[in-house]
Amino acid sequence: MGETVDMTEADGTRETVRRHLAAWWETNARDLPWRFGRTTPWGVLVSEVMSQQTQMSRVVPYWRSWMAAWPDAAALAAASTAEVITAWGKLGYPRRALRLQECARVVANECHDDLPETYDGLTALPGIGDYTASAVMSFAYGKRIAVIDTNIRRVLSRVFDGRESLGGATSRADRELAQRVLPDDAVRSTVWNQSVMELGAVVCTAKKPMCERCPVSAECRFLAAGRPGLGERRTRPRQRFQGTDRQVRGLVLNALRAKPQGSQTIGREEIRALWKDRVQLDACIASLDEDGLIEMMPDGSLRLPD
DNA sequence: GTCCAGGAGG
DNA sequence: CCTCCCGGAC
């Protein structure tokens, strides 16, 4: 040990965790098409937006065809909204598709088709919040920035604090911990963010973490403590899907997406057949219209917007 | 039944 | 803080 720097035990553990995780990343990282410098910053952004609340395995085929159709912001900006909503398919939360196109239009028209390279510039874009901006900064630009999502919060809380992250909004403690353990070197910080997230996605999962396969099990305070409160969460049980407005909105959009391109319209009869509860159906149609996902025509039919 | 690589609006 | 927004994997 050098005589100038007195390394604390915590520093040593942190460094050991970084090394083990980086080695694990080398051989275990999933070969996703937007990784390892194979796409543009815009491609990374698209992958992150598609991945919001959506499993990566479902995202991959959508991302491929999406990027083939619209390789950059200018291309997406020029597409019709109907095409964009249709291409979003069954990824869910279609407002994301609308915001992604709005984002593309801002980038194309106000940024000369160049994605901003600052956190503030990115968060100013439609549909880009703290997580996605940080992810693009780290994964696309290689900047040193702490990325914080539910996986990272869970992994860091377990490994370094020995307890479950209880969900809810990101706390000051979450941010301080993420900052404290982020490697100083930019390149290493990018690997760190990706590998911690990957570990949370495939090994250190919420309910059934596979500690026997974990590269940092020897340093994990949560495991050492006997995994107290495993799977515990503060968030209330999620709203059911069956019978919700989300289901009804999905039915309406699915009916429109199923129509041939160029005439994606459904009439009164077909609309009414979609859902029994007329009041709820009308409310959902109104909310889809407000969101800009559909247009209500004077004759009562619906169509996807131009 | 549970879980998601969140963001926006209230 | 809170709620809403989708759909499939497991």
Side-chain angles (χ1 to χ4, degrees), chain A residues 29-30 32-35 44-63 85 88-100 102-103 122-140 146-156 164-172 174 178 190 192-210 230-254 257 280 283-284 286-288 290-294:
Chain A
R30 288 171 293 178
L32 302 168
W34 49 83
R35 282 182 172 169
V44 172
L45 182 144
V46 171
S47 79
E48 294 300 340
V49 171
M50 287 183 169
S51 301
Q52 292 166 3
Q53 297 287 283
T54 306
Q55 293 89 334
M56 310 294 288
S57 55
R58 293 179 51 214
V59 167
V60 171
Y62 284 100
W63 184 87
I85 292 170
W88 196 257
K90 300 210 167 204
L91 271 175
Y93 298 127
R95 293 190 299 192
R96 290 183 294 165
L98 239 41
R99 293 204 183 106
L100 183 55
E102 290 168 23
C103 175
L122 289 165
T123 50
L125 297 168
I128 310 301
D130 171 71
Y131 163 74
T132 307
S134 303
V136 170
M137 290 297 290
S138 180
F139 306 156
V147 176
I148 301 180
D149 75 323
T150 53
N151 277 328
I152 288 188
R153 287 167 64 189
R154 181 176 60 252
V155 172
L156 297 185
E164 287 288 42
S165 161
L166 293 182
T170 301
S171 65
R172 176 183 299 272
D174 290 330
T190 298
W192 171 256
N193 285 326
Q194 293 190 100
S195 57
V196 174
M197 211 178 306
E198 186 83 342
L199 190 75
V202 304
V203 174
C204 192
T205 55
K207 278 186 68 179
K208 294 193 299 181
M210 293 173 276
L230 175 63
E232 184 178 294
R233 297 183 67 79
R234 179 183 301 152
T235 52
R236 296 184 292 96
R238 282 260 174 188
Q239 183 191 24
R240 288 281 57 91
F241 178 62
Q242 287 294 326
T244 62
D245 287 358
R246 278 155 48 222
Q247 181 183 17
V248 179
R249 286 166 55 105
L251 288 172
V252 174
L253 273 189
N254 276 340
R257 273 194 289 254
Q280 185 181 21
C284 288
S287 76
L288 285 167
E290 278 182 47
D291 286 344
L293 285 162
I294 64 172

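Each chain gets a letter, A, B and so on, in the order the sequences are listed, and its residues count up from 1. No experiment lies behind these values; they were computed from the predicted model shown.
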Nearest to side-chain heavy atoms of A/N151, which nucleotide of C/dC6, C/dC1, B/dA5: B/dA5

A/T54 side-chain N/O to A/Q52 backbone N/O, donor-acceptor pair under 3.5 Å: yes

Presence of A/Q52 side-chain N/O under 4.0 Å of B/dG6 phosphate oxygens OP1/OP2: no

A/L293 side-chain proximity, nearest of C/dC6, C/dC1, B/dC3: C/dC6

d(NZ, A/K207; C1', B/dG1) in whole Å: 8 Å

Sugar-phosphate only, base, or nothing, as touched by A/T150 at under 4.0 Å among non-hydrogen atoms: sugar-phosphate

Gap between atoms CE and C1', on A/M197 and B/dC4 respectively (whole Å): 14 Å

Nucleotide C/dG7, atom P - distance to CE of A/M56 in whole Å: 20 Å

Length of the CZ-C1' vector between A/R96 and B/dA5, whole Å: 11 Å

Side-chain donor/acceptor of A/Q55 to base of C/dG7, under 3.5 Å: yes

Proximal nucleotide (of B/dC4, C/dC6, B/dA8) relative to the A/A206 side chain: B/dC4

Sugar-phosphate, base or nothing in reach of A/L98, heavy atoms under 4.0 Å: nothing

Between C/dG8 (C1') and A/R58 (CZ): distance, integer Å: 5 Å

Close side-chain approach of A/L122 to A/T132, heavy-atom, < 4.5 Å: no

Any donor-acceptor N/O pair, A/R35 side chain to A/A29 backbone, under 3.5 Å: no

Residue whose closest nucleotide on DNA chain B lies nearer the 5' end, A/L32 versus A/T123: A/L32

Touch class at under 4.0 angstrom, heavy-atom based, for A/G129 against every strand present: sugar-phosphate

Protein-nucleotide distance (A/Y93, atom OH; B/dC3, atom P), rounded to Å: 13 Å

Under 4.0 angstrom between A/R257 side-chain N/O and C/dG7 OP1 or OP2: yes

N/O (side chain, A/R249) to phosphate O (OP1/OP2, C/dC6) under 4.0 Å: yes

A/N193 vs A/F139 side-chain heavy atoms within contact, under 4.5 Å: yes

Distance in angstrom units between A/D130 CG and B/dA5 C1', rounded: 13 Å

Integer angstrom distance from the P of C/dC4 to that of B/dA5: 23 Å

Integer-rounded Å distance: C/dC4 C1' and A/Q247 CD: 16 Å

Sugar-phosphate, base or nothing in reach of A/I152, heavy atoms under 4.0 Å: nothing

Side-chain N or O of A/T132 closer than 4.0 Å to phosphate OP1/OP2 of B/dG7: yes

Gap in Å between the two P atoms, one belonging to B/dG9 and one to C/dC6, rounded: 14 Å

OP1 or OP2 of B/dC4 under 4.0 Å from side-chain N/O of A/R154: yes

A/R153 versus A/S171, side-chain donor and acceptor atoms under 3.5 Å: no

Backbone N/O of A/V136 and side chain of A/E48: donor-acceptor pair under 3.5 Å: no

